[in-house]
Amino acid sequence: MDLTTSAVRLSHTTLIANAPGVTLIRSTPGALPANAVFLQDNLFVALPNGAPLPAWWSDAAGNPGPTLNSHSGFASQNGAAGDWLVAPAGNPATLMTVAEADFLDVVEQVFRIGAGSAARGQASNGSDLGYYTYRGPVTVDATYCPSCDNDGHTWGVDAFDAIQDAVDSGAQRVLIEPGLYREQVALVNGVSLFGSGAGLTVLAPPDSDGGYLLGAENARLATVALLTVAGEGTADGIQVDGRGSLTLKRAIIRNTGTAISVSGEDALATLVNDTLVSNDNGVLAASCGSVDVRNTILAYHQDTALGLETCAATSLHTFNAFWQNGHDLQIDGSPIDQPGPGEVFADPRFTDPSSHDYRPQSNSPVVDAGDPSDPAPPGSGDRVDMGYAQSAEAAVYASQGYCAQCLNDGLEWQVTAFDAVQDAVDHVPDIAGVWTVGVDSGVYHEQLSLPSGVRLIGAGAETTVIDGDATGSTVTIDGATNVQITGFAVTNGGEGATDAGIAVDGASSNVRISRNIVGGISPDNPGLPGNGNAGVIFRNGSSGQLTSNTLALNAGPGVLVQGDGSWLLARFNIVALNDIGLDNSGGQIFNAYNLVYNTDTSWCTSCQNYAGSAAAGVGEIAADPLFRDAGAGDLRLNLASPAIDAVPASQYQPIPNGGGTMADMGYDELLAMPATLLLGTEGNSCGLGASGVASVEVGLVYVPDATVAADETPPASWQNATLATAGEAGSYWTTDVTPASGDGLYRLYSRPADAVGNQAAQVSDWYRAAFIADGTPPVTLVAPTGGSASTAPAVTLAADVSDWTPTGLPGATSFTVDDVTFLVDSVVVTATRALTTASPGERNCTPRRSRWTTGRTPSRPSLPTWPATSG
C-alpha cells in the first residue's frame with residue numbers, strides 16, 4: 001500500500017508480506033504528517049524469515065511509523081520484533097508467531113483465523129484483528145425463521161434458512177440439515193458445507209434459468225460434502241474457476257448439464273468418494289484446469305464422464321468406476337481408452353436408481369474396490385468402496401470421529417454411524433441372526449452390555465480400547481448367545497469379586513473371544529494393572545471359546561471359570577503376569593496350546609499358573625513370553641519369544657498371511673515385513689505401480705435359474721479378448737460373444753492376468769454383467785397376405801407376434817418385442833400399437849397382434865380409414 005498526500009484510515013485489514021524485503025505500507029517522506037495515517041485493529045503478517053527482512057511500515061527516510069496506531073497485531077515466524085525491518089509499534093502491539101495466528105492455510109494463502117488464534121479478541125472493540133472475525137459453525141434448516149425455536153440456535157447468528165446466508169455470515173463450517181434447498185450458492189475461501197447425508201440434503205435450482213448451483217470462483221480450500229446437487233435437467237452442478245480449489249466428498253451430482261466444470265490453470269477440483277450419475281457431462285476441465293478424482297462412480301452420462309487436459313498441473317484419476325457413458329474418458333477433447341490404476345468398467349448395481357437410491361448392492365463391483373490407501377470404516381472390510389455410500393459389512397459402526405455433520409465414512413449418523421460403542425450396539429436390527437458392530441480406533445470409556453447376536457469387531461487390540469474406568473465389569477454378557485468379541489484391548493475393570501474385563505454370566509452360550517488384549521496397562525493410569533480383578537470370567541452355566549488372546553497384568557486370574565455347567569475352551573492364548581493364570585472353580589476349562597507364565601517374581605512373589613482344578617494342558621508352555629515392554633503396556637512379541645510358531649499347523653488353519661508355516665500364540669501374529677512400492681505422490685492421489693495387464697479371458701454362461709448366485713455359475717470355457725492398451729496398468733478390452741444356448745439369461749465373466757502371471761482367482765471377481773438374449777421373434781402376417789398389392793383407399797396391416805423369452809427365473813418368461821415394422825412400397829413403417837409389456841392377466845405364449853393403418857394414397861389425398869382390426 002503506497003500512501004501519498006491523502007489522509008488514510010486503515011482498520012481490520014490483513015496485510016501479508018509473502019516474499020523477502022516486502023514493505024506493507026509505504027508513505028512519501030514529508031508528504032504526510034504522522035497523524036494523517038490512522039491504523040487500528042489490523043494484522044500484519046511476515047511469512048519469510050530471512051534477509052532482507054520485510055517492513056510493515058516505511059517512508060524511505062527512516063522515519064518511525066504513524067503515531068495513530070492502536071490495537072494492531074504482528075505475526076511472524078518467531079513472533080519477535082526482530083523479524084521485521086522496522087520494529088512493530090502501536091498501543092498495544094500484539095506480537096505472535098504465524099502458528100499462533102492459526103491461519104487456515106498459509107501455503108494456499110487462506111488467512112482466515114481459527115478458533116485458537118492469538119488474534120482473537122485483541123481488537124479495540126474486543127473483536128478479532130485483521131479482515132476476518134472468526135465465526136463458529138452455523139446451521140441451516142429450511143424450517144428456521146426469526147420467531148422459531150431454531151433448535152436452540154440464534155436466528156441470523158448461527159441459524160439460517162438459506163445456505164448462501166450462512167456462507168455470507170463468515171462461518172467456516174456450514175451444517176445443513178435434511179431438506180430441499182432451492183438456491184444458487186457462491187462459495188468463499190475456506191468455507192466447508194456439510195449436509196446431513198447425500199440422500200437427505202438436496203440442492204436444486206431455484207428456477208428454470210440454468211446456471212451453476214455451486215460456484216467456487218477464486219474460492220480457495222472450499223469443501224462440499226454429504227449432499228446431493230440435483231440439476232433437474234435445467235441447471236449445471238459445480239463450477240470451479242480462477243484460483244478456486246474445491247474438494248467434493250461423499251456427494252451425489254445428478255441430472256445436470258455439466259456436473260463439475262474446472263477452468264483455469266490455477267483451478268483444482270478434488271473428488272473423493274462421489275457418485276456422478278445421469279448428467280450430460282460429468283467432470284470437464286478447460287483452460288488447463290486441474291482434476292484429481294478417486295473412489296468415484298461416473299455412470300449414465302450422455303456425453304463425457306471425465307474430460308481432462310494434458311496442460312493441467314494435476315490430471316489424476318484412480319480407482320473410479322465407469323458405466324454406460326457416451327465416452328468414459330476424454331483428453332484434450334478427444335475420446336481415449338486409457339484407464340487409470342484400479343479403475344473398473346462394470347455395472348455399479350445401484351439399489352434403486354429410478355428412485356435416486358444410488359447405494360451399491362452387496363454384490364456390486366464397487367464394493368471394496370477403492371484406493372487401498374484410503375481408510376475403510378471399522379469392520380467393513382479391507383478397502384473403502386467407490387461412490388458416496390459405504391456398503392456396510394457391519395450393521396452399525398462406532399467411531400469417536402463420527403458426528404451429525406461429519407463424513408462418517410459414508411455412513412448415516414444415528415442409523416449406521418455412532419460415536420459411542422453402546423449406542424451402536426443398541427441400534428443393531430431387532431431381527432434374529434448375528435449382527436456386526438464395527439468399532440474404530442480410540443479409547444472408549446464405557447461399560448458395555450452385549451445382547452445376543454452381536455459380533456463386536458475392533459480396529460485392532462493395540463488401537464481400540466474399551467476402558468471400564470475401574471467400575472464393575474468393562475464388558476458384560478449376561479444371558480446371551482452367539483456373541484463375538486475381536487480386536488480390542490479390554491481394560492480397567494473394577495476390583496469386585498465378580499468384576500472382570502469380560503464377564504460372561506447367566507448361562508450365556510456360544511460366546512467367542514479372540515484376538516484381544518484383556519488387561520494390559522490402563523491408558524489413563526499407567527501404574528494401574530489392566531483389570532482390578534479377573535481378565536475373563538465365565539460363571540453360572542456360561543460357556544464359550546477363548547482363542548488367540550493375550551491376558552496379562554490383571555490383578556486377579558487371567559481366566560476364571562466358576563459354577564456348575566460353566567465351561568470354556570481355551571486355546572492358543574498367552575496368559576501371563578496375572579495373579580493367577582487359569583482358575584477353574586466348579587466348572588471346566590478345556591485348555592491346550594497356551595503359554596501360561598504367571599510366576600515371574602519381578603511382577604508377583606506369590607502368583608501361580610493354575611488354581612482350583614485347572615492343570616497344564618496339551619502343548620502348553622510355561623515360559624516367559626518375552627513381551628517387547630510389558631511395563632509400558634507393549635505386549636507384542638520379541639523375535640525370540642517361545643510363543644512364535646508355537647501352534648502346530650494341525651491345530652490351527654489357516655495361518656494368517658505372512659505368519660509363516662505355523663501360528664503364534666496370543667493376540668498378535670508376528671508377520672514378515674511387508675514390501676510397498678509407491679511411484680510418486682502427485683496431487684492428493686498416489687501413483688501406483690503395476691506390471692501391466694497382459695491378457696483378459698472372457699466367458700459366457702447360460703443361466704436357466706437366476707436364483708443361483710453369480711459365483712456359483714463360473715464359465716466352463718474361456719476366450720481371449722483384445723486389449724486396447726496391453727501392458728498398461730489398466731486396459732479396455734473387446735471381444736465378440738455368441739449366446740449358444742438359445743434365448744434366455746446369460747452371465748458374462750472376465751478374468752485378467754498381469755505380465756508376471758498373477759490372475760484373479762475368485763469367481764466373484766470375474767462376474768461382470770448379465771443380459772437376456774432374444775432371437776428373431778416369430779411373426780404371422782394376418783392381413784393382407786404377404787406380397788399383396790392394393791389400390792384400396794385405405795389399408796390395414798396386421799400381424800400376430802409371439803415372443804416370450806425366459807428370464808432365468810423358474811417358469812417365468814417376458815414379452816420382449818419392442819416394436820413391429822412393415823415394409824410398404826419399400827418404406828419401413830412402424831406399427832401403431834407398441835408392444836412392450838403383457839396386458840394384465842395375459843398368459844405366457846399368447847400372441848400379440850399389431851397393426852398399421854394408412855388413410856392416404858397418392859391419387860386420393862383424403863380418404864377414410866378402414867376400421868381397426870382386433871386381436
Side-chain angles (χ1 to χ4, degrees), residues 249-250 272-273 295 368 370-385 390 392-404 406-414 416-425 427-428 436-448 450 454-469 474-475 484-493 501-502 513-526 530-531 548-550 552-553 627-629 632-637 656 666-671 674 676:
K249 291 186 176 182
R250 300 288 183 184
V272 183
N273 279 105
N295 303 343
D368 290 340
D371 191 329
S373 64
D374 286 328
S380 67
D382 296 330
R383 289 171 62 177
V384 69
D385 298 347
Q390 183 75 19
E393 290 191 12
V396 291
Y397 300 85
S399 173
Q400 293 173 331
Y402 290 168
C403 69
C406 296
L407 290 175
N408 298 337
D409 294 320
L411 307 171
E412 189 173 348
W413 175 246
Q414 295 299 296
T416 52
F418 303 87
D419 60 0
V421 181
Q422 190 65 57
D423 285 349
V425 170
H427 282 81
V428 297
T436 299
V437 178
V439 184
D440 200 2
S441 300
V443 180
Y444 298 83
H445 290 271
E446 304 183 48
Q447 290 84 42
L448 301 182
L450 304 184
V454 166
R455 180 173 178 256
L456 196 66
I457 305 296
E462 293 166 14
T463 60
T464 310
V465 181
I466 308 296
D467 188 318
D469 291 327
T474 304
V475 179
Q484 302 175 39
I485 304 174
T486 299
F488 292 91
V490 183
T491 188
N492 210 3
I502 302 175
I513 303 168
S514 63
R515 298 291 178 187
N516 303 286
I517 296 172
V518 184
I521 297 294
S522 170
D524 290 337
N525 188 348
N531 288 293
S548 299
N549 301 278
T550 297
L553 306 178
F627 295 130
R628 292 194 184 184
D629 190 346
D634 187 349
L635 301 180
R636 293 174 297 171
L637 302 176
Y667 83 96
D668 179 46
E669 182 76 18
L670 191 67
L671 306 179
T676 302

> Does the pair Val437 and Val454 meet the rule for a side chain to side chain contact (heavy atoms under 4.5 Å, CB included), with working shown?
Replying inline: CA-CA 7 Å; Val437 178; Val454 166; 4.1 Å; yes
Before giving the answer on side chain to side chain contact (heavy atoms under 4.5 Å, CB included), spell out for Ile485 and Leu450 the whole-Å C-alpha distance, their side-chain angles and the decisive distance to 0.1 Å.
-> CA-CA 10 Å; Ile485 304 174; Leu450 304 184; 3.9 Å; yes
Discussion item. The test is side chain to side chain contact (heavy atoms under 4.5 Å, CB included); show your working for Val475 and Phe488 and say whether it passes.
Written reply: CA-CA 11 Å; Val475 179; Phe488 292 91; over 6 Å; no
Requested in this report: Given side chain to side chain contact (heavy atoms under 4.5 Å, CB included), test Asn408 with Gln390 step by step and report yes or no.
Outcome: CA-CA 10 Å; Asn408 298 337; Gln390 183 75 19; over 6 Å; no
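A distance of 9.0 Å separates CG in Leu553 from OG1 in Thr491, rounded to the nearest 0.5 Å. In this structure, Tyr667 OH and Ile517 CD1 are separated by 4.0 Å, a value rounded to the nearest 0.5 Å. Of the inter-residue distances, the one linking Ile502 atom CD1 with Asn531 atom CG reads 8.5 Å to the nearest 0.5 angstrom. The CG atom of Leu407 lies 13.5 Å from the CH2 atom of Trp413; values are rounded to the nearest 0.5 Å. A distance of 7.0 Å separates CG of Asn549 from CD1 of Ile513, quoted to the nearest 0.5 Å. The line from CZ of Arg515 to OG1 of Thr486 is 9.5 Å long, rounded to the nearest 0.5 Å.
Using a 4.5 Å heavy-atom threshold, the side chains of Asn295 and Val384 count as touching.
Looking at Asp385, its side chain does come within 3.5 Å of a backbone N or O of Asp368 through a donor-acceptor pair. Looking at Arg383, its side chain does come within 3.5 Å of a backbone N or O of Gly370 through a donor-acceptor pair. Proximity of a side-chain donor or acceptor of Glu446 to a complementary backbone N or O of Gln422 within less than 3.5 Å is detected.
Take Phe418 and apply the ring pair (Phe, Tyr, Trp, His ring centres under 6.0 Å) test, not counting sequence neighbours, and it matches His427.
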